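Because the structure is a prediction, the values reported are computed rather than measured.
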Amino acid sequence: MNTPRAVKGMNDILPHEVGRWHRLEREFRKTVESYGFGEIRTPLVEPTELFTRSIGEATDIVEKEMYTFADKGEKSLTLRPEGTASCARAYLEHTIHAREAVTRWYYMGPMYRRERPAKGRYRQFHQAGCEVYGDHGPFVDAEVIDMVVSFLERVGVKDIRVLVNSLGGPETRARYRTALLDYLAPQREKLSADSQRRLETNPLRILDSKAPEDQAIAEGAPSILDFLSEEDRKHFDLLVGTLESLGTPFEIERRLVRGLDYYSRTLFEIQGRGGELGAQNALAGGGRYDAMIEELGGPSIPAFGFALGIERLLLAMSEEAPATEDRVVILAANDRARTEATVLARALRLADHRVETDLRPTASLKSQLRRADRSGARLVLILGEDELARGVVQWKRLDADKKGEVSRDALLGQLRALLDD
RNA sequence: GUGACUGUAGCUCAGUAGGUAGAGCACUGGAUUGUGGCUCCGGUUGUCGCGGGUUCGAGUCCCGUCAGUCACCCCA
């Protein structure tokens, strides 16, 4: 009772469930590539400093969720907790900005955050995301938000809410922060314990607190949208206008803040309600981070991006009925037939068919057939003593009441027809 | 990091007032003299998470521990 187990919060994805992952990944690629995004693959491990500088020292991710270790006692490395920082690093490292004015990248893969696991939240989880560099919006912002919505519709996620807000630039955020503190300070005692702590660390996050005692207070708080500078305001209005022209369903949520330090101006989050989704209902989130590239030591280049959580999407997606597959199973009645089955199977596979055999030396035809049927295969080829002697194969369609015989020589040529008929 | 709940066959679970384990599914053989999906009959599988305690006796009670799940924090 002491066999090794997977690390807490890190899950295997078994063959019977990987089909849904493939479908999601395929649709994501298809969608974003049609918008001109190209894939980038970056290492899973990065210098720790990359994340502390881009995500922000005071964020939960950096403060307590990173898998950080010393590489042979020297450099501090960490498992990437998100994809944006790595992309920004690669963008600078390869001086992409010198090559093209606008860059559209997408990525997908595992991310690592050492949190307590819950439904829809794991220590190794998967994100797919996009980054746009060199365009300060707001039209790209709208286009990309609309792209995410289209993608979700395409993969059958229903019942979503698209929340949009603006955090303005650094100076409006500073002015708003002061105003918010002025409003909250007198009511300090009425706030939840968590929020009293947030007063010091990140007062903006009190706005989207789930604690009931905080909600009423947050309700009456000043809105950041009233503090937007003229430029910020114009940006936001154009974003909203473009989304309306696109017909994207969205809501302005002035209390949307999100936990990463690097955001400026546009911010959005897509929440799901349907399916098996638990309390973690944020399917996708992103926004604009115009200062990040510069903070990493690069030129001043605006950026916009988002990430979506694959595991959560899978929970929110409706379950589709598995169709019978274009798959062939060869059954063998005895040892000689089993040998013949391997030979025949190879020939069919060389012709690009998906072929399975049940080669267990003791399996009865009955159990072979039962297994083939339950596996969802479409066609069964039976090699019995009689058939072997006569050089024929008996075929049987599992999804219809059809069967017949075909000679071994003619089989390859007719297989396609047998499957499609 | 905090809290709640749960840990019995591969899976889902039952287990009565403490008397040393059961069902369904799955797998497998047969009824069907080679031929699935329905039905019937038979068969295989368990250190009852782990350690300790109470007791003549513990899956069942107590303590501890580990693991899982869900929620909070936060986020995808």
Side-chain angles (χ1 to χ4, degrees), chain A residues 1-9 11 16 55 58-65 81-84 108-129 148 192-195 197-198 201-202 205-206 208-212 214 256-260 269-272 276-286 305-316 324 329 331-334 337 358 360 362-388 394-401 403:
Chain A
M1 199 30 59
N2 196 13
T3 55
R5 296 182 55 93
V7 174
K8 182 200 280 283
N11 305 117
H16 75 270
I55 298 172
T59 57
D60 279 19
I61 292 181
V62 169
E63 266 180 6
K64 52 192 193 193
E65 296 173 0
E82 51 108 65
T84 294
M108 41 208 274
M111 306 293 165
Y112 302 85
R113 257 122 100 160
R114 200 178 181 293
E115 301 174 88
R116 192 77 160 260
K119 195 182 189 70
R121 199 222 329 282
Y122 309 100
R123 289 183 170 183
Q124 180 187 72
F125 63 105
H126 296 75
Q127 288 188 334
V148 181
S192 68
D194 276 331
S195 284
R197 184 174 45 75
R198 290 186 184 110
T201 58
N202 194 342
R205 258 185 266 171
I206 295 174
D208 64 356
S209 167
K210 281 178 191 166
D214 294 341
L256 178 67
V257 287
R258 307 183 57 76
L260 283 64
E269 176 169 309
I270 299 182
Q271 299 177 349
E276 302 282 300
L277 225 48
Q280 272 63 238
N281 64 351
L283 297 176
F306 74 90
L308 47 86
I310 307 287
E311 282 86 351
R312 291 186 188 175
L313 267 183
L314 256 11
L315 288 170
T324 63
V329 178
L331 312 189
N334 54 38
D358 186 341
R360 292 173 301 166
T362 55
S364 69
L365 271 182
K366 178 195 176 94
S367 86
Q368 291 179 49
L369 185 54
R370 185 171 47 216
R371 266 164 41 95
D373 185 46
R374 289 180 184 171
S375 79
R378 179 164 299 149
L379 183 74
V380 134
L381 300 176
I382 302 169
L383 292 177
E385 268 172 73
D386 180 47
E387 286 86 348
L388 278 182
Q394 186 185 154
W395 62 267
K396 198 173 168 99
R397 273 283 286 271
L398 293 171
D399 56 343
D401 196 18
K403 58 177 180 175

Participant: Which whole-number value in Å describes the distance from A:Arg374 CZ to B:U28 P?
Facilitator: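 It works out to 8 Å between those atoms.
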Participant: Between A:Lys366 and B:U32, is there a contact of a side-chain N or O with OP1 or OP2 at under 4.0 Å?
Facilitator: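 No, A:Lys366 has no side-chain N/O under 4.0 Å of OP1/OP2 on B:U32.
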Participant: So, does A:Arg370 get its side chain near the phosphate of B:U28, meaning an N or O under 4.0 Å from OP1 or OP2?
Facilitator: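 Affirmative; the distance criterion is met.
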Participant: Once you apply a heavy-atom cut-off of 4.0 Å, does A:Arg113 come out as touching a base, just sugar-phosphate, or nothing?
Facilitator: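 The answer is base, as A:Arg113 lies within the cut-off (heavy atoms under 4.0 Å) of a base atom.
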Participant: Checking all strands, does A:Leu383 fall into the base, sugar-phosphate, or nothing category for heavy-atom contacts under 4.0 angstrom?
Facilitator: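 Here A:Leu383 touches the bases of the nucleic acid.
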Participant: Verify the contact: side-chain N or O of A:Gln280 to OP1 or OP2 of B:C70, cut-off strictly under 4.0 Å; return yes or no.
Facilitator: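 Indeed not, no polar side-chain atom of A:Gln280 lies that close.
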Participant: Hey, does A:Gly384 reach any base, or is it just sugar-phosphate, or nothing, if we go heavy atoms under 4.0 Å?
Facilitator: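 Result for A:Gly384 = base.
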Participant: Check every strand shown and say whether A:Arg114 touches a base, only sugar-phosphate, or nothing at a heavy-atom separation below 4.0 Å.
Facilitator: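 The answer is nothing, as A:Arg114 stays clear of every strand by at least 4.0 Å.
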Participant: Can you find a side chain N or O atom of A:Arg198 that sits less than 4.0 Å from OP1 or OP2 on B:C74?
Facilitator: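 A:Arg198 to B:C74 OP1/OP2: side-chain N or O found under 4.0 Å.
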Participant: Between A:Arg198 and A:Ser195, is there a side-chain donor-acceptor contact under 3.5 Å, judged purely by atom types and distance?
Facilitator: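 Distance-only check passes for A:Ser195 and A:Arg198.
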Participant: Say whether, by atom type as modelled, one donor and one acceptor occur between the side chain of A:Gln368 and the main chain of A:Ala363 under 3.5 angstrom.
Facilitator: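 Indeed, once roles are kept as given, a pair shorter than 3.5 Å links the two residues.
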Participant: By nearest nucleotide on RNA chain B, pick out whichever of A:Asp208 and A:Glu385 is the more 5' one.
Facilitator: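 In this pair, the answer is A:Glu385.
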Participant: Using a heavy-atom cut-off of under 4.0 Å over every strand shown, decide if A:Gln124 touches base, sugar-phosphate, or nothing.
Facilitator: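 Contact class for A:Gln124: none.
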Participant: With heavy atoms under 4.0 Å as the rule, sort A:Arg116 into base, sugar-phosphate or nothing.
Facilitator: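 Since a base atom lies under 4.0 Å of A:Arg116, the category is base.
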Participant: Contact class for A:Glu82 vs. all strands (heavy atom < 4.0 Å): base, sugar-phosphate, or nothing?
Facilitator: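 No contact.
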